[in-house]
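To start, the structure under review is shown below, and the notes come after it.
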There are 2 protein chains.
Amino acid sequence: MSYTKTEENYLKAIYGIESKFGESVSTNMLANKLETKASSVTDMVKKLAKKELITYEKYQGVSLTECGKDIAINIIRNHRIWEVFLVEKLKYKWDEVHEIAEQLEHIKSEELVDRLDDFLEHPSFDPHGDPIPDKKGNIPTRKEAIQLNELAIGEEGIIVGVKNTNNEFLQYLEEMNLTLGKKIKVEKEFDFDKSKIIKIEKESVTISKEVSSNLIIEKSQ
Amino acid sequence: MSYTKTEENYLKAIYGIESKFGESVSTNMLANKLETKASSVTDMVKKLAKKELITYEKYQGVSLTECGKDIAINIIRNHRIWEVFLVEKLKYKWDEVHEIAEQLEHIKSEELVDRLDDFLEHPSFDPHGDPIPDKKGNIPTRKEAIQLNELAIGEEGIIVGVKNTNNEFLQYLEEMNLTLGKKIKVEKEFDFDKSKIIKIEKESVTISKEVSSNLIIEKSQ
DNA sequence: TAATATCTTTAGACAAGTCTAAAAATATAT
DNA sequence: ATATATTTTTAGACTTGTCTAAAGATATTA
Ligand SMILES: [Mn+2]
Ligand SMILES: [Mn+2]
Ligand SMILES: [Mn+2]
Ligand SMILES: [Mn+2]
């Protein structure tokens, strides 16, 4: 069975909302995420339900079936592996790859992404630190990943991911040298606005709470 | 301006027929090549004419405008560069890449294929020996490429391309070791059916006229 | 609980691309 | 030159995915 690009994007969107909010996914949330109208969502959701990729009850929102979830995870796998390729091999910046990966993730081929995965030597995380599901749908986890805003003064860690992958945010991080793999240490914290001074490669920079709560850190030791 | 996958495929098909037969391209020829119906072709051809990508006169067939030709060549460039990537980097066989490249050629990105071209170190020919147009649409040529059936007894050459890229034919060539870059020498020719015995890497094989007329050779010296 | 606001669904329409069946034009053969 | 065959176009319908406008259901608030 093969699905249309649109169907795949709906499944991916449902998966994304489900894993962020837990509950069943409402029509409006989907419409919002997919930048479409609620009425369009209702239509599509009926189709997906008929194909047993989601369960749907009128006015009660939707949730993925096992099958739907498998498809969603597979698309996410494709997306993230392509992002690794674009950054590692074609030297794109991490803020330039998302749109292209949105297209590449829908290429229909049993083998293609597996071969790409081999070629890239089986990366576990994409350029934004997001985990890459394996062929069977298993999603790698990190031992002790926390948000930078949860790190206390004096503590150290390594940047392993970003929660927000908005392009402007990624460009800001690049500018500030706050990129994946960098070691950081919290030097000071201002209570009144929760901003922090952190040390990164011998330089001290001030970052807002907005920034620190969107950086994923692996605590040292 | 960006075009739909379907529009791009029509332009590519028109280009292919034009360069093979010279004349203007008939509705039925297009329908045949695109595996669709003549009525569908008429509809689409009107759209493309309105966009000034082709000229079209009722009952008289179509031909590409400069603009339409540029687009067609660009798609062919995409297709062939992706084919090189699939074979060189992902280790696909030459008979496995066409379908995937048919999808990849339509990815919308100004930069993507140029970066891929850099990554592949600017190949001039694809895995089937077909020339890869450069960014400006210039198509590389070979000095003295002829068909193997035009090679006389005793003459030598190197296989540089195939005219027919049918999968079964490509698999046959692979099996017979008649792949790109191989040096061959005509040893004998049978007049009654134009079959030939050729030497390839110390081995002698017999090939039919069907085969020899579909192999492109660069004559030695 | 009743009124109001918000969310969701339905009804009907549209664009892209395709199809079948029939009509119109062109080409071929006698 | 006329009849026949082939090619091409038109007319009308269908599918996918979208939209607006209006109606129906649910949630919120007084
Ligand atoms: Mn992405
Ligand atoms: Mn990512
Ligand atoms: Mn090809
Ligand atoms: Mn090719």
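Numbered from 1 within each chain, the chains take letters A, B, ... in sequence-line order.
- If you check C:dT8, C:dC19, C:dT10 against the side chain of B:Asp43, the one that comes closest is C:dC19.
- Distances shorter than 4.0 Å separate none of the side-chain N or O atoms of B:Lys58 from OP1 or OP2 on D:dT8.
- For A:His98 and A:His79, the ring centers sit closer than 6.0 Å to each other.
- Regarding contacts with the backbone of D:dT9, a side-chain N or O of B:Tyr56 is found under 4.0 angstrom from either OP1 or OP2.
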Trace of the salt bridge (Lys or Arg N to Asp or Glu O under 4.0 Å) decision for A:Glu102 with A:Lys12: CA-CA 11 Å; A:Glu102 284 290 310; A:Lys12 192 166 59 124; 3.0 Å; yes
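- No donor-acceptor contact under 3.5 Å links the side chain of A:Ser39 to the base of D:dT18.
- Under a 4.0 Å N-O distance rule, the pair B:Asp114/B:Lys135 qualifies as a salt bridge.
- Comparing D:dT20, C:dT9, C:dT20 against the side chain of A:Thr27 picks out C:dT9 as the nearest.
- Separating the NZ atom of A:Lys5 from the C1' atom of C:dG17 is a distance of 16 Å, rounded to the nearest angstrom.
- The shortest distance between the side-chain N/O atoms of B:Asn28 and the OP1/OP2 oxygens of D:dT6 is not below 4.0 Å.
- In this structure, of C:dT8, C:dG17, D:dG17, it is D:dG17 that holds the atom nearest to the side chain of A:Thr6.
- Atoms CD (B:Gln60) and C1' (C:dT26) sit 9 Å apart, rounded to a whole Å.
- Between D:dT16 and A:Lys47, no contact under 4.0 Å exists linking OP1 or OP2 to a side-chain N or O.
- The residue B:Lys46 sits close only to the backbone: its heavy atoms come under 4.0 Å of sugar-phosphate atoms, none of a base.
- In this structure, A:Phe85 and B:Phe119 have perpendicular ring planes: the angle between them is above 60°, well past the 30° mark.
- The CD atom of A:Glu35 sits 18 Å away from the P atom of D:dG17 (whole-angstrom rounding).
- Rounded to a whole Å, the CG atom of A:Asn9 is 9 Å from the P atom of D:dT18.
- With D:dT18, C:dT26, D:dT26 as the choices, the nucleotide that has an atom nearest any side-chain atom of A:Thr36 turns out to be D:dT18.
- The side chain of B:Tyr10 places an N or O atom within less than 4.0 Å of a non-bridging phosphate oxygen (OP1 or OP2) of C:dT18.
- For the pair B:Met44 CE and C:dA16 C1', the computed distance is 7 Å after rounding to whole Å.
- Across the protein-nucleic acid pair, A:Leu11 atom CG and D:dG17 atom P stand 12 Å apart, rounded to whole Å.
- Taking 4.0 angstrom as the limit, A:Thr4 places a side-chain polar atom (N or O) nearer than this to OP1 or OP2 of D:dG17.
- If you measure from atom OH of A:Tyr59 to atom C1' of C:dC7, you get 9 Å, rounded to the nearest angstrom.
- Within the 3.5 Å criterion, the main-chain N or O of A:Glu83 finds no donor-acceptor partner in the side chain of A:Tyr92.
- Base contact: B:Ser40 has a heavy atom under 4.0 Å from a base atom.
- Look at NZ on A:Lys37: it is 18 Å from P on C:dC14, rounded to the nearest Å.
- The local environment of CD in A:Glu174 is crowded, with over 12 non-hydrogen atoms from other residues, nucleotides or ligands closer than 6.0 Å.
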